Structure formats: C-alpha cells, structure tokens
Amino acid sequence: MSTHSSLRKRKLSGGKKRVYRTKKKYEAGGYPAETVLGTPKRKTSRTLGGNTKIKVLTDKYASVTDPKTGTTEKSEIVRVVRNGANVDYNRRGVITKGAEIETALGLAKVTSRPGSDGVINALLIGKEKA
C-alpha cells in the first residue's frame with residue numbers, strides 16, 4: 001500500500017480505521033526533477049536494487065535527431081515553446097517528455113525523460129527558416 005489517502009476514515013459501525021503499517025522506503029517516492037533551461041546540472045539518486053538514476057536539473061543542450069537524414073547533433077536549446085503535460089510546467093518552461101523546444105536546428109519534440117534518463121533527446125519536427 002503506497003498511500004493511506006484512499007483509506008476511509010471510519011468503519012460502517014462508526015469506529016475509526018487504523019493504519020496497519022507505515023510506508024516502506026521503496027514506497028516513499030521522491031521529488032520530480034523539473035528540468036529547466038540553464039547551466040548543465042545533474043543529480044544522482046539511489047533507486048530500488050541499489051541502482052542509480054541520473055536526474056537532469058538544468059541543461060542548455062539537447063541531442064536532436066533529424067528523422068529525414070537520421071543524423072543526431074548536439075544542439076543548444078533556445079527556449080521551451082510549450083509543454084502539454086502540465087499548464088504550470090508550460091508557464092515555467094519545464095522540460096519533460098513530449099515538450100516542444102526550440103533549438104538552433106529548429107523546432108523539436110523531447111523523446112527522453114530528463115528526470116529519469118539523465119539526457120535530453122529530441123526529434124526534429126520543424127526546420128528553421130533558412
């Protein structure tokens with residue numbers, strides 16, 4: 001049981017329901033990375049099984065792939081155009097999977113999960129006007 005919020009407060013008889021155990025460490029979760037534009041900064045955290053997860057906190061570069069040519073280039077992120085995941089993320093310019101970013105190569109859609117993968121990979125969806 002990861003959360004106690006779904007637990008009803010009282011039994012049908014009117015008596016209080018007691019929480020039968022506390023949360024285990026693997027159920028605790030963590031804070032979201034909320035990747036934004038800035039000087040590259042990463043954070044490593046320990047995950048289940050002693051594995052590690054690299055979270056991108058701030059970054060200004062993305063690996064952009066052109067689907068027509070199949071080439072991938074490291075490109076500087078100019079700005080976050082939109083983020084459909086969350087209205088607040090859209091306003092603050094948080095980079096998540098599915099966010100549209102403007103790069104030096106053109107408009108691109110983020111395909112990686114920066115908070116979990118440790119990199120920002122994107123697919124070119126619109127070329128820059130030459």
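As the structure is a prediction and not an experimental result, all values here were calculated from the model.
Going from atom CZ of Arg79 over to atom CD of Glu102 covers 4.5 Å, rounded to the nearest 0.5 Å. Going from atom CG of Leu105 over to atom CD1 of Ile77 covers 11.5 Å, rounded to the nearest 0.5 Å. Atom OH in Tyr61 sits 13.5 Å away from atom CD in Glu73 (nearest 0.5 Å). How far CD of Glu34 is from CG of Asn86: 8.5 Å, rounded to the nearest 0.5 Å.
Using a 4.5 Å cut-off between side-chain heavy atoms of Ile, Leu, Val, Met, Phe, Trp and Tyr, Leu48 falls into a hydrophobic cluster with Tyr26.
The shortest distance between side-chain heavy atoms of Val81 and Ile101 does not fall below 4.5 Å. Taking 4.5 Å as the limit, every side-chain heavy atom of Ser63 sits out of range of all side-chain heavy atoms of Ile120. Looking at Asn83 and Thr96, their side chains come closer than 4.5 Å, going by heavy atoms from C-beta outward. With a 4.5 Å cut-off on side-chain heavy atoms, Leu123 and Val64 do not count as touching. Residues Ile54 and Val56 form no side-chain contact, since every pair of their non-hydrogen atoms from C-beta on lies 4.5 Å or further apart.
Judged purely by atom type and a 3.5 angstrom limit, Arg42 uses its side chain to pair as donor or acceptor with the backbone of Gly118. A side-chain donor-acceptor contact under 3.5 Å links Ser75 to the backbone of Ala104. Remark: side-chain polar atoms of Thr58 are paired, donor with acceptor, to backbone N or O of Thr39 under 3.5 angstrom.
Note: the hydrophobic cluster containing Val36 also contains Tyr89 (ILVMFWY, side chain heavy atoms under 4.5 Å, direct or indirect links). Put simply, Val110 and Val80 are part of the same group of oily side chains (I, L, V, M, F, W, Y) that touch within less than 4.5 Å, one to the next.
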Given side chain to side chain contact (heavy atoms under 4.5 Å, CB included), test Lys55 with Ser45 step by step and report yes or no. CA-CA 8 Å; Lys55 295 182 176 190; Ser45 59; 3.9 Å; yes

Assess whether side chain to side chain donor-acceptor pair (under 3.5 Å) is satisfied between Thr35 and Asp59, documenting all intermediate values. CA-CA 7 Å; Thr35 309; Asp59 209 345; over 6 Å; no

Would you sort out whether Lys53 and Asp117 count as a salt bridge (charged side-chain N to carboxylate O under 4.0 Å, His left out), showing the intermediate values? CA-CA 7 Å; Lys53 184 184 278 187; Asp117 302 340; over 6 Å; no

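Between Thr65 and the options Asn121, Thr72, Thr111, a side chain to side chain donor-acceptor pair (under 3.5 Å) holds for only Thr72.
Heavy-atom minimum distance, Ala33 versus Gly115: CB-CA, 3.7 Å. Across all non-hydrogen atoms, the minimal contact from Ser112 to Pro114 is O-CD, 3.2 Å.
Residues that satisfy the salt bridge (Lys or Arg N to Asp or Glu O under 4.0 Å) test with Arg82, not counting sequence neighbours, are Glu100.
Under the 4.0 Å criterion applied to side-chain N and carboxylate O atoms, Lys60 and Glu76 are not assigned as salt-bridge partners.
When the shell of 6.0 Å around CZ of Arg113 is examined, it contains 12 or fewer heavy atoms from other residues, nucleotides or ligands.
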